[in-house]
Amino acid sequence: EAGVAQSPRYKIIEKRQSVAFWCNPISGHATLYWYQQILGQGPKLLIQFQNNGVVDDSQLPKDRFSAERLKGVDSTLKIQPAKLEDSAVYLCASSLDLAGAQWRPGELFFGEGSRLTVL
Amino acid sequence: AQSVTQLDSQVPVFEEAPVELRCNYSSSVSVYLFWYVQYPNQGLQLLLKYLSGSTLVKGINGFEAEFNKSQTSFHLRKPSVHISDTAEYFCAVSVEGYDKIIFGKGTRLHILP
């Protein structure tokens, strides 16, 4: 079974530039998450999708961050314009449908992450 | 709202020695508790979880954790560590019935030869 795919793995940009990260979840996983992991900290949830609807985006800085999951499969996270404090690893994860019979609480499957450096 | 505190940012331990990584949580409702592991340059993977039932849960790679409701703790243990256990370990919590996972800041486990 293929895992969660993310790209690019590494990105270096200057502040005020824009960047986009892509994530393809495990096939059949209805729930998709984007986490931000700043060096020395735990992952912080930015946005959670159930199919193509947003479940939680309370911690997404909406003035500069946006995310979409148009067809309920892969997703894109965009930052525009980037700030120095956005330097972090952006982790995508997926899980089975919360309402589904096969749901296993807390069983998230993570990609390897996209490391962003803002200069 | 629920939260997780990992008391140690780094834990050095000699190879083949036992280890305990500490985690405390706070929540006013029933919770699910998890430990995730992140090996260098990799994503997180689930190590073990407590949902209900037996308070001692066993996970992969010989790790186990004990849920203690009175002390609101979920400490992770391994009786004998190996160099391959070098990684960062994250304790996490979610509210029963919901799929939002809150992670702690992580504990970096250093295995000394």
Side-chain angles (χ1 to χ4, degrees), chain A residues 2-7 9-10 21 23-26 29-51 53-60 89-100 102-115, chain B residues 1-10 21-25 27 29-53 57 59-60 65 67 74 76 87-108:
Chain A
V4 176
Q6 290 189 246
S7 68
R9 286 294 310 276
Y10 305 93
F21 302 112
C23 171
N24 190 30
I26 292 174
H29 281 194
T31 308
L32 185 146
Y33 313 77
W34 283 101
Y35 282 87
Q36 179 192 57
Q37 186 178 17
I38 293 174
L39 187 65
Q41 298 182 23
K44 182 183 86 170
L45 179 67
L46 292 176
I47 189 166
Q48 179 179 345
F49 292 95
Q50 180 87 351
N51 296 307
V54 176
V55 174
D56 186 340
D57 64 355
S58 57
Q59 296 196 87
L60 186 73
V89 177
Y90 291 86
L91 297 166
C92 180
S94 68
S95 67
L96 288 166
D97 191 343
L98 177 64
Q102 297 182 47
W103 178 56
R104 295 190 286 271
E107 198 159 326
L108 274 60
F109 294 83
F110 283 83
E112 292 183 322
S114 294
R115 183 178 297 275
Chain B
Q2 67 272 28
S3 66
V4 170
T5 302
Q6 291 186 246
L7 299 166
D8 306 297
S9 59
Q10 296 190 63
L21 306 183
R22 297 180 293 170
C23 172
N24 287 91
Y25 70 92
S27 176
V29 297
S30 295
V31 296
Y32 299 142
L33 292 160
F34 314 90
W35 276 98
Y36 276 78
V37 59
Q38 186 175 30
Y39 297 105
N41 297 314
Q42 295 186 26
L44 283 73
Q45 66 180 90
L46 183 64
L47 198 56
L48 50 78
K49 63 183 176 182
Y50 171 79
L51 304 181
S52 64
V57 292
I60 61 173
F67 171 61
F74 191 57
L76 180 72
E88 188 141 21
Y89 293 80
F90 294 92
C91 184
V93 63
S94 72
V95 171
E96 184 177 354
Y98 292 88
D99 208 23
K100 179 177 178 178
I101 313 294
I102 306 299
F103 287 88
K105 291 188 175 183
T107 298
R108 189 171 296 276

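Note that the coordinates shown come from a computational prediction; the quantities given were computed from them, not determined experimentally. Letters A, B, ... are given to chains in the order of the sequence lines, protein chains preceding strands, and every chain is numbered from 1. Excluded from the calculations below are hydrogen atoms, water molecules and symmetry mates; all remaining heavy atoms, backbone and side chain alike, are included.
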With sequence neighbours excluded, what pairs up with B/A65 under the side-chain contact (heavy atoms from CB on, under 4.5 Å) test? B/W35, B/L48, B/V57, B/F74, B/L76

Tell me the salt bridge (charged side-chain N to carboxylate O under 4.0 Å, His left out) pairs involving residues 35-51 of chain B, sequence neighbours left out? A/E107-B/K49

Atom group of B/Q6 that falls short of 4.5 Å from chain A, counting heavy atoms: neither

First locate atom CD1 of B/I102, then atom CG of A/L45, and finally report the distance between them rounded to the nearest 0.5 Å. 6.5 Å

Please report the closest heavy-atom contact between A/P43 and B/G104, naming both atoms and the distance. CD-O, 4.4 Å

How long is the span from the CZ atom in B/F34 to the CG atom in A/L108, to the nearest 0.5 Å? 8.5 Å

Gap separating the CZ atom of A/R115 from the CG atom of B/N41, nearest 0.5 angstrom: 6.5 Å

Residue pair B/L44 / A/Y35, side-chain heavy-atom distance below 4.5 Å: no

Part of A/Q37 within contact of chain B (heavy atom distance under 4.5 Å): side chain

How close do B/F90 and A/G42 get, counting heavy atoms only, and between which atoms? CE2-CA, 3.6 Å

Enter the distance from A/S95:OG to B/L46:CG here, rounded to the nearest 0.5 Å. 11.5 Å

OH on B/Y39 to CD on A/E112, rounded to 0.5 Å: 14.5 Å

More than 12 heavy atoms of other residues, nucleotides or ligands under 6.0 Å from CD1 of B/I60: is that the case? yes

Tell me which of these, A/D56, A/I38, A/L91, has more heavy-atom pairs under 4.5 Å with chain B than the rest. A/D56

